[in-house]
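Below: the structure, in structure tokens.
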Number of protein chains: 6
Amino acid sequence: MELSARNQLKGKVANVDLGAVMANIKIEVTEPGVITAVITKESAERLGLAEGDDVVALIKSTEVIIGK
Amino acid sequence: MELSARNQLKGKVANVDLGAVMANIKIEVTEPGVITAVITKESAERLGLAEGDDVVALIKSTEVIIGK
Amino acid sequence: MELSARNQLKGKVANVDLGAVMANIKIEVTEPGVITAVITKESAERLGLAEGDDVVALIKSTEVIIGK
Amino acid sequence: MELSARNQLKGKVANVDLGAVMANIKIEVTEPGVITAVITKESAERLGLAEGDDVVALIKSTEVIIGK
Amino acid sequence: MELSARNQLKGKVANVDLGAVMANIKIEVTEPGVITAVITKESAERLGLAEGDDVVALIKSTEVIIGK
Amino acid sequence: MELSARNQLKGKVANVDLGAVMANIKIEVTEPGVITAVITKESAERLGLAEGDDVVALIKSTEVIIGK
């Protein structure tokens with residue numbers, strides 16, 4: 001099965017912390033590649049995003065799905 | 001300002017594609033580091049996640065915030 | 001109150017599992033209907049999505065809101 | 001690859017609408033099954049969720065990933 | 001119908017910008033109230049969050065659902 | 001660092017509730033301002049959204065990031 005989600009970062013599980021309902025998993029990324037971000041056009045213009053800019057891709061941990 | 005979101009991947013903007021309302025931004029990650037994923041305990045157990053497992057961190061592009 | 005979120009699947013609660021902060025709720029869907037997915041145009045084209053294709057709609061459990 | 005995301009609804013693509021950056025895809029679900037929702041314990045208690053309750057699972061269309 | 005999502009900010013539509021697939025809606029909040037945020041325990045501890053702290057609640061625009 | 005996420009509501013921490021893996025944080029918003037919501041064009045048209053409409057911005061607590 002191929003997925004629409006483009007961001008697929010390969011890595012190794014570094015830690016597993018189980019709670020009652022949720023689990024916190026640390027993944028050491030070994031092959032990063034390219035991240036696709038979809039933001040509003042107005043935010044892209046406000047930040048003046050252009051090729052070559054140094055940026056940070058921010059992702060909340062609850063948004064990450066794990067494939068194994 | 002420090003953020004609660006742990007996943008902060010440094011990179012360079014590789015492409016900017018502006019639509020009417022949204023924009024698609026490609027970021028070439030230069031320093032990957034560690035990804036934190038919060039999933040349900042039952043999914044962690046179903047996948048049998050353990051230290052050293054090879055996994056993929058999947059992130060939908062609409063979930064990525066850009067900092068510059 | 002009418003909501004912008006189109007995906008509203010009717011069902012019955014099948015299980016409630018309470019943790020310290022979070023709760024895991026199982027809902028047996030009784031009337032599925034149509035799911036709307038918004039993805040990037042490039043992913044739609046990469047997957048070659050067309051009417052009649054067999055697909056899977058994937059949704060992380062933290063993204064589901066419950067109405068009662 | 002097995003995924004941590006539990007909610008995997010099988011269906012058929014009913015419509016594809018391409019914009020400049022995003023695409024709106026309609027999926028007619030053919031086998032619904034069970035939806036897992038993770039909400040706060042306080043919301044579960046406030047709604048008084050219990051087995052057998054009639055509920056609605058609400059999902060914003062930007063949160064749906066498509067697998068094919 | 002009562003919803004599990006606690007954050008319900010009342011306001012007035014200030015602007016509507018329609019694209020091909022998506023729409024950008026500005027809402028002027030008239031009654032803010034309290035925002036509930038669920039983050040990892042480790043982020044709460046790393047930020048040293050305590051009653052009375054001045055903070056900012058950050059929300060990506062794709063995560064907002066509108067009720068009318 | 002400037003962020004693409006437009007919705008940045010200033011407030012004060014009113015309560016911190018730590019679980020095993022997750023934490024529930026209450027923030028009393030002191031300066032609301034304007035909320036940007038990105039929804040599908042079809043939902044904007046179905047709700048007939050227009051300037052001056054009374055609406056509610058709904059946000060699931062797992063979608064909120066905290067900055068301090």
Side-chain angles (χ1 to χ4, degrees), chain C, chain D:
Chain C
M1 187 168 71
E2 203 180 351
L3 297 170
S4 63
R6 290 306 297 270
N7 300 314
Q8 306 194 8
L9 305 175
K10 289 183 185 176
K12 269 190 191 304
V13 173
N15 193 62
V16 174
D17 180 15
L18 301 179
V21 166
M22 303 305 281
N24 182 322
I25 314 292
K26 303 291 182 197
I27 300 166
E28 210 169 325
V29 176
T30 47
E31 299 175 33
V34 169
I35 293 272
T36 300
V38 170
I39 63 175
T40 58
K41 187 186 68 165
E42 70 180 357
S43 287
E45 291 176 340
R46 184 172 41 89
L47 294 180
L49 291 179
E51 249 187 85
D53 282 358
D54 289 310
V55 292
V56 175
L58 265 155
I59 301 142
K60 193 171 172 172
S61 55
T62 47
E63 307 296 353
V64 182
I65 293 171
I66 297 177
K68 182 183 154 182
Chain D
M1 188 169 70
E2 202 179 352
L3 297 170
S4 63
R6 291 306 299 268
N7 300 313
Q8 305 194 9
L9 305 175
K10 290 184 184 175
K12 268 189 194 306
V13 173
N15 194 61
V16 174
D17 180 14
L18 301 179
V21 166
M22 303 304 282
N24 182 322
I25 315 292
K26 302 291 181 196
I27 301 166
E28 211 168 324
V29 177
T30 47
E31 298 176 34
V34 169
I35 293 272
T36 300
V38 170
I39 62 175
T40 58
K41 187 185 69 165
E42 69 179 358
S43 286
E45 290 176 340
R46 185 171 42 89
L47 293 180
L49 290 179
E51 248 185 84
D53 282 358
D54 289 310
V55 292
V56 175
L58 265 156
I59 301 142
K60 194 171 171 174
S61 55
T62 46
E63 307 296 355
V64 182
I65 292 170
I66 296 177
K68 182 183 152 182

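Values reported hereafter were calculated over all heavy atoms of this structure, with side chains retained and with hydrogens, waters and symmetry mates removed. As the structure is a computational prediction, the values presented were derived from the model and not from experiment.
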Inset, instruction - Using non-hydrogen atoms and a 4.5 Å limit, figure out which bit of D:E45 sits close to chain C: side chain, backbone, both or neither. - result: side chain

Inset, instruction - Return the option, out of C:V34, C:V55, C:N15, C:L47, with the maximum number of heavy-atom pairs under 4.5 Å with chain D. - result: C:V55

Inset, instruction - Check the pair D:K12, C:D53 against side chain to side chain contact (heavy atoms under 4.5 Å, CB included), reporting the backbone distance first and the verdict last. - result: CA-CA 5 Å; D:K12 268 189 194 306; C:D53 282 358; over 6 Å; no

Legend entry - Spatial distance of atom CG (C:D17) from atom NZ (D:K41) [nearest 0.5 Å]: 12.0 Å

Legend entry - Evaluation steps, side chain to side chain contact (heavy atoms under 4.5 Å, CB included), between D:N24 and C:T36: CA-CA 7 Å; D:N24 182 322; C:T36 300; 3.4 Å; yes

Inset, instruction - Enter the distance from C:I25:CD1 to D:L49:CG here, rounded to the nearest 0.5 Å. - result: 5.0 Å

Legend entry - Portion of D:V16 that has a non-hydrogen atom of chain C nearer than 4.5 angstrom: side chain

Legend entry - Residue, of D:L18, D:L58, D:V64, that accumulates the most heavy atom pairs under 4.5 Å with chain C: D:L58

Legend entry - Electrostatic pair C:D54:D:K10 at N-O distance under 4.0 angstrom: no

Legend entry - Trace of the side chain to side chain contact (heavy atoms under 4.5 Å, CB included) decision for C:M22 with D:V38: CA-CA 7 Å; C:M22 303 305 281; D:V38 170; 3.6 Å; yes

Inset, instruction - For atom CD of C:E28, decide whether the heavy atoms of other residues, nucleotides or ligands shown that lie under 6.0 angstrom number more than 12. - result: no

Inset, instruction - Flag the one option from C:T40, C:T30, C:I39, C:L3 with the top tally of heavy-atom pairs under 4.5 Å to chain D. - result: C:I39

Inset, instruction - Pick whichever of C:K60, C:R6, C:K26 has the most heavy-atom pairs under 4.5 Å with chain D. - result: C:K26

Inset, instruction - Report the residue from C:V56, C:L9, C:V29 that forms a side chain to side chain contact (heavy atoms under 4.5 Å, CB included) with D:L9. - result: C:L9

Legend entry - Pairs of heavy atoms under 4.5 Å with chain C: top-ranked of D:A23, D:G48, D:G52: D:A23

Legend entry - Interface residue of largest heavy-atom contact number with chain D, from C:A5, C:S61, C:G67, C:S4, under 4.5 Å: C:S61

Inset, instruction - Mind ranking C:A44, C:G33, C:S43 by heavy-atom pairs under 4.5 Å with chain D and telling me who comes out on top? - result: C:G33

